[in-house]
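Report on the following structure.
Letters go in sequence order (proteins before strands), and every chain restarts at 1. Since this is a predicted model, take the numbers as computed values, not measurements. Only this structure's heavy atoms are used, side chains among them; waters, hydrogens and symmetry mates stay out.
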Number of protein chains: 2
Amino acid sequence: MEKNSTYFGVKEIARRANVSIATVDRVIHNRTGVSEKTKKKINEIIKELDYQPNILASRLASKNIIILAVLIPRVSEETDFWEVPLRGIQRADAEIKQYGIQTIPYFFDLSDKDSFVTQARLILERGVHGVMLSPSFIEQARNFTEECQKLKIPYVFIDSNIPEQRSLSYIGPHLLKSGYVGAKLLTYRMKSNKKVLVVNISKEIENYNYLQIEEGFRSYFNDNQMGNEIVRIDIKETDYLSVAKHMTSVLHDHTDIEAIFVTNSRVFTVATFLKNKNKNNISLIGYDFIKENIQYLNEGIIDFLICHKPEEQAYRAVMALYQTLVMGGSVDNIQYMPIDIITKENYEFYQN
Amino acid sequence: MEKNSTYFGVKEIARRANVSIATVDRVIHNRTGVSEKTKKKINEIIKELDYQPNILASRLASKNIIILAVLIPRVSEETDFWEVPLRGIQRADAEIKQYGIQTIPYFFDLSDKDSFVTQARLILERGVHGVMLSPSFIEQARNFTEECQKLKIPYVFIDSNIPEQRSLSYIGPHLLKSGYVGAKLLTYRMKSNKKVLVVNISKEIENYNYLQIEEGFRSYFNDNQMGNEIVRIDIKETDYLSVAKHMTSVLHDHTDIEAIFVTNSRVFTVATFLKNKNKNNISLIGYDFIKENIQYLNEGIIDFLICHKPEEQAYRAVMALYQTLVMGGSVDNIQYMPIDIITKENYEFYQN
DNA sequence: ACTAATTTCGGGTACGTACCCGTAAATATA
DNA sequence: TATATTTACGGGTACGTACCCGAAATTAGT
């Protein structure tokens, strides 16, 4: 069957306005070389006809390649977590490349602030149409996004937010609520009101994410007037030996800890420790659907994983830029990701 | 920046084969009117250049509107569950309509097999390029999909599968595993080895879905050698009074039931009953993220909801047909949906 | 050998937009 | 008033494909 015969495009607007399609094109794209009178007339007709541009024709005709920069941590031997958002970026790229959009990744080292600054500068020098970034270093990310603001380059945050920056969107978890959920999950496994241990394993100590998650975790205990004492340790060296040393020490000092909550994806190093020490009576909860964690989940060492769909975050972030730059569509300023609960029984169908 | 200068399209193939673009077009689309010799030569060049059609140009040029039929239950006063997949269909339609694809819904009455048969016949009479359907009536669905097979119309199942039919894809839950997860969740709430009640609420008794879910539920108890007795009731009238009557009777006969598992989205009627009778000591688990269930989850009457993203199922089903009919891409034959665990703490971010 | 029918193939247009180059009209300057 | 410059606008092509209509070549029948 034939196409919709009530579609009105540039030609019809030109016909009704008694101008050429080139003139209409200039108005649509806010180019110069049109008198105010003519512009007004064309805009009225655009509104009246509710003109919807044909994106196929538009992108086919356009010689302009749209560049999106992606600024995320490099996959390292510490954790392969960032492989997952990279897959989301690749999936989005496969979908939108046909529209003449190119996504270029810029990787920084999570333990090197300067690498973030360097990559950010490369992006600004290159000149891009949009940016998606994980603001792992808040101060440096703020500086960079202020620069983007000046250049009118839209940017999207994933993984964590900087609320006071005027991003196009934040696509990531509500970290407080995530910690809250972690606490609730712990209650399913606890049999008494013994101590609970919160573990932060990160070289970056005052990390915004972990602080938020822990705050949410603690507020659950407060809200529900639970008498458990919450012990907290920060482990600045992320290698196994260091984690084992700290864990041995804290479990020696607090023999009545019956549950452990790790605030990030490094829960697998604590799992390794508990397995090595045959501590089967301690419940363990942590974050992220990466293969080390899945293995311990399956073995029953980790009871729950909490996941925020990092692949989907990155995919949606790229698509949000596409939506605003190509489709001219609006985008929600905050898209909180679901707080997914993964167990031994349901993990095999989980999709990041 | 300029477009990729190494792209080879129909024109270059025509140039190299010493034929016109019309001849190349006939080969690409397997139309008649090309000699075998010429066809062979063109296909060799297509292979050599690894020709990737430009979908923008292709769909812009094509006058052919692709019709996708969607055959799902009508939203009824019994349950508004099917509003959710409808949103997924609408979301997919918004994305692909610009490619000249039209999705047309055909609704049937879940309590009337003949309405399914009628709508199926309308689809066949109309002539369509692809079908997405919920095979709620297995025999009738089988007859319909065999007809589609004969006419080489690809079809995709959502919500449940008919494995022996050669569908393009099944996009839905692994029902056995879903029941299994339900059983495990129940163990988080149970304090003893008392009785467990499984409730089926449906006019359609031998429903494939419920049977599979219950089988999975029971197999968890078997696998873990749990001594709980499992009581089962089928409630054929779905109105509240009927459910209340059955529940009153079964709880009277088995005063030591401490947990209830409802195999579909009608868990809210059991929740209403428990609330009305002030039975706070009984744990309750059921299915689907619909507003009645969310309300009881928030009140703590329902402990967990298990959800299979029905909106996403429908969205992916339509996109699978698009992928195969327009993009010529391959599609996984089975895409199991995640088995999502929803609690009072994480429900507010859940996305169907 | 001639005519009719069929097959193979090509020319050209359409799809809807982006945008380059050129022209006419308006404005500024000498 | 004449000339130079600037502004407003239009003609036409490109993007890459789908496909309609017509011509030439081939094949079949008398």
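- Both A/Ile28 and B/Arg26 lie near DNA chain C, and the one whose nearest nucleotide falls closer to the 5' end is B/Arg26.
- No hydrogens or angles considered: a donor-acceptor pair under 3.5 Å links the side chains of A/Tyr315 and A/Glu95.
- Each end of the helix from C/dA1-D/dT30 to C/dA30-D/dT1 gets its own axis, taken as the rotation carrying the C1' atoms of four end pairs onto the next four within a five-pair window, and the two axes meet at 50° to the nearest 10 degrees.
- Put simply, CG on A/Leu56 is 12 Å from C1' on D/dC15, counting in whole angstrom units.
- If you measure from atom CZ of A/Arg15 to atom C1' of C/dG16, you get 16 Å, rounded to the nearest angstrom.
- Distance from the side chain of A/Ala22 is smallest to D/dG11 among D/dA18, D/dG11, C/dG10.
- Both A/Val24 and B/Pro53 lie near DNA chain D, and the one whose nearest nucleotide falls closer to the 5' end is A/Val24.
- If you take CG of B/Leu60 and P of C/dT17, they are 9 Å apart, rounded to a whole angstrom.
- Between A/Lys11 atom NZ and C/dT13 atom P there is a gap of 13 Å when expressed in whole angstrom units.
- Between B/Ser58 and D/dA18 there is a side-chain N or O to OP1 or OP2 distance below 4.0 Å.
- Partners of B/Asp93 by side-chain contact (heavy atoms from CB on, under 4.5 Å), not counting sequence neighbours, listed by chain and number: B/Lys97, B/Thr103.
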**OP:** Test A/Glu139 against A/Arg142 for salt bridge (Lys or Arg N to Asp or Glu O under 4.0 Å), laying out the working first.
**Re:** CA-CA 5 Å; A/Glu139 208 46 53; A/Arg142 186 180 281 123; 3.0 Å; yes
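- The phosphate of C/dC15 (OP1 or OP2) has no side-chain N or O of B/Tyr99 nearer than 4.0 angstrom.
- Between the B/Ser62 side chain and the B/Ser58 main chain, no donor and acceptor come within less than 3.5 Å of each other.
- For A/Ser115 (side chain) and A/Asp109 (main-chain N/O), a donor-acceptor pair under 3.5 Å exists by modelled atom type.
- A distance of 4.5 Å separates CZ of A/Arg16 from CG of A/Leu49, quoted to the nearest 0.5 Å.
- Between the side chain of A/Lys39 and the backbone N or O of A/Val34 there is no donor-acceptor pair closer than 3.5 Å.
- Remark: B/Gly33, B/Val34, B/Ser35, B/Thr38 in residues 32-51 of chain B come within less than 4.0 Å of DNA chain C through at least one heavy atom.
- Of the candidates B/Ile42, B/Asn43, B/Val10, B/Val10 is the only one forming a side-chain contact (heavy atoms from CB on, under 4.5 Å) with B/Ile28.
- Rounded to an integer number of Å, the gap from B/Asn64 CG to D/dC19 P is 6 Å.
- Nucleic acid contact class of A/Arg31 (heavy atoms, under 4.0 Å, all strands): sugar-phosphate only.
- The phosphate of C/dC19 has neither OP1 nor OP2 within less than 4.0 Å of any side-chain N or O from A/His29.
- A sub-4.0 Å separation between OP1 or OP2 of D/dA18 and a side-chain N or O of B/Ser62 is absent.
- Of the N and O atoms on the side chains of B/Gln52 and B/Tyr7, not one donor lies less than 3.5 Å from an acceptor on the other residue.
- At the phosphate of D/dC9, neither OP1 nor OP2 sits under 4.0 Å from any side-chain N or O atom of A/Thr23.
- Atom P of nucleotide C/dT17 and atom CD of A/Glu12 are separated by 12 Å, given to the nearest angstrom.
- Residue A/Ile66 contributes atom CD1, which lies 11 Å from atom P of C/dA18 at whole-angstrom precision.
- When the options B/Leu68, B/Ile158, B/Leu71, B/Leu168 are evaluated for a side-chain contact (heavy atoms from CB on, under 4.5 Å) with B/Met132, the one that passes is B/Ile158.
- Comparing B/Ala57 and B/Ile21 against DNA chain C, the residue whose closest nucleotide sits nearer the 5' end is B/Ile21.
- What separates CG of B/Asn54 from C1' of C/dC15 is a distance of 13 Å, to the nearest Å.
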